[in-house]
Amino acid sequence: MNELLPDGGTIRKLWLGEADAYRDHLLRLDRESRYRRFSGAVSDEVIARHAATAGEIGVVVHGFFVDGVLRGAAELRQEGSLFSPQAEAAFSIEKPWQSHGVGTELLERTLLTARNRGIKSLRMNCLAENKRMQQLARKFDAEFSFDFGSVVGAVDPPRSTLLSLMREAIADSYGIASAIFEAQSRLLRPA
Ligand SMILES: CC(C)(COP(=O)(O)OP(=O)(O)OC[C@H]1O[C@@H](n2cnc3c(N)ncnc32)[C@H](O)[C@@H]1OP(=O)(O)O)[C@@H](O)C(=O)NCCC(=O)NCCS
């Protein structure tokens, strides 16, 4: 798992208390990526307020980490109540790690999580000119439909099964193990 990610990076869910790492990652996005991520120009303050909500109930953020630093993220946000069948997804990858398959891996994880939470409709606010995001979504054509004529894509993740629940649990335990391993490696690394 994750062996194809660049720079030996790993993907795992963000934990409670990692909102600052999420904020710092979003603030590091170059101008164009920030614009695309938020479908418009947003200030640092708006980003900080947004990132602070990452630990809220109904929000799951998968992070792409390189050497313990968050370099990419996929945010899944249920709309309305915790049991709402609708959610919104948004992706952000820092420029040097774009076009290396990170978005593909993050979308796959997000779809699995959405499926296991009973989400029936997943919206992705995507600017019409954002061809890369549209290409990425197309790779999952079999799992959902995406209306490329509009700025909003509708996704219908299939229902959860025992296997899909197990796949998410295995990915989570792998994420914890790799985070512990990475923290230990950093401690042992010569200063
Ligand atoms: C859009 C984004 C999430 C895509 O993630 P990524 O890691 O760059 O994408 P991937 O490497 O997984 O590539 C996905 C597909 O996009 C296409 N693609 C990749 N690089 C591309 C490029 N430079 N130009 C056009 N299409 C490209 C390819 O079809 C690719 O699939 P393939 O390699 O199997 O052919 C990422 O680039 C990003 O964060 N951009 C800035 C913020 C943003 O646009 N967010 C989306 C709005 S929510």
Side-chain angles (χ1 to χ4, degrees), residues 1-14 18-19 21-44 46-51 53-54 56 58-67 69-79 86-115 119 121-157 171 175:
M1 201 181 286
N2 289 345
E3 63 273 13
L4 297 176
L5 290 170
D7 295 337
T10 54
I11 286 180
R12 66 164 171 81
K13 284 179 189 150
L14 260 59
E18 288 191 306
Y22 189 34
R23 177 201 59 208
D24 294 347
H25 153 66
L26 290 172
L27 290 174
R28 274 193 302 270
L29 290 175
D30 62 284
R31 200 183 157 101
E32 186 192 356
S33 298
R34 182 193 284 208
Y35 189 87
R36 287 171 183 255
R37 162 62 179 80
F38 290 97
S39 297
V42 290
S43 67
D44 290 0
V46 168
I47 287 188
R49 277 203 300 277
H50 179 84
T53 65
E56 286 181 357
V59 181
V60 179
V61 181
H62 281 94
F64 164 67
F65 290 84
V66 177
D67 289 334
V69 181
L70 184 63
R71 297 296 185 182
E75 182 182 310
L76 179 71
R77 189 173 283 266
Q78 266 170 294
E79 295 174 343
Q86 286 172 355
E88 190 175 329
F91 299 81
S92 51
I93 293 152
E94 291 176 37
K95 195 117 194 160
W97 289 275
Q98 289 179 10
S99 300
H100 287 93
V102 179
T104 303
E105 186 76 21
L106 285 172
L107 178 53
E108 193 171 349
R109 297 292 188 92
T110 301
L111 285 173
L112 181 62
T113 299
R115 175 182 192 177
I119 289 163
S121 167
L122 185 59
R123 292 195 305 125
M124 282 190 276
N125 286 321
C126 172
L127 293 170
E129 77 259 20
N130 195 343
K131 299 293 175 231
R132 198 181 307 177
M133 188 65 224
Q134 292 170 15
Q135 277 301 112
L136 170 53
R138 269 204 185 95
K139 291 173 72 173
F140 294 85
D141 255 356
E143 286 182 65
F144 62 86
S145 59
F146 197 89
D147 178 5
F148 294 103
S150 82
V151 294
V152 175
V155 180
D156 292 309

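Because the structure is a prediction, the values reported are computed rather than measured. Note that ligands are numbered from 1 as they come in the structure, with each ligand's atoms numbered from 1 the same way.
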Legend entry - Q98, R132, M133: member with heavy atom nearest to atom 16 (O) of ligand 1: R132
Inset, instruction - Ignoring hydrogens, just give me the one of G103, A89, A74, A137 whose non-hydrogen atom is nearest atom 9 (O) of ligand 1. - result: G103
Inset, instruction - Measure from NZ or CZ of R37 to the centre of the six-membered ring of F91 and say whether it is under 6.0 Å with the direction within 45° of the ring axis. - result: no
Donor-acceptor side-chain pairing of [X] and [Y] below 3.5 angstrom:
X    : Y   : answer
R77  : T53 : yes
K95  : S33 : no
E105 : H62 : no

[X] versus ligand 1: do any nitrogen or oxygen atoms come within less than 3.5 Å of each other?
X    : value
K131 : no
C126 : no
N130 : yes
F91  : yes
R36  : no

Inset, instruction - Quick one: look at E32 and ligand 1, take heavy-atom pairs under 4.0 Å, and tell me if it's side chain, backbone, both or neither. - result: neither
Legend entry - ligand 1 versus S99: contacting region, heavy-atom distance under 4.0 Å: both
Inset, instruction - Please check atom 7 (O) of ligand 1 for a protein heavy-atom neighbour under 4.0 Å. - result: yes
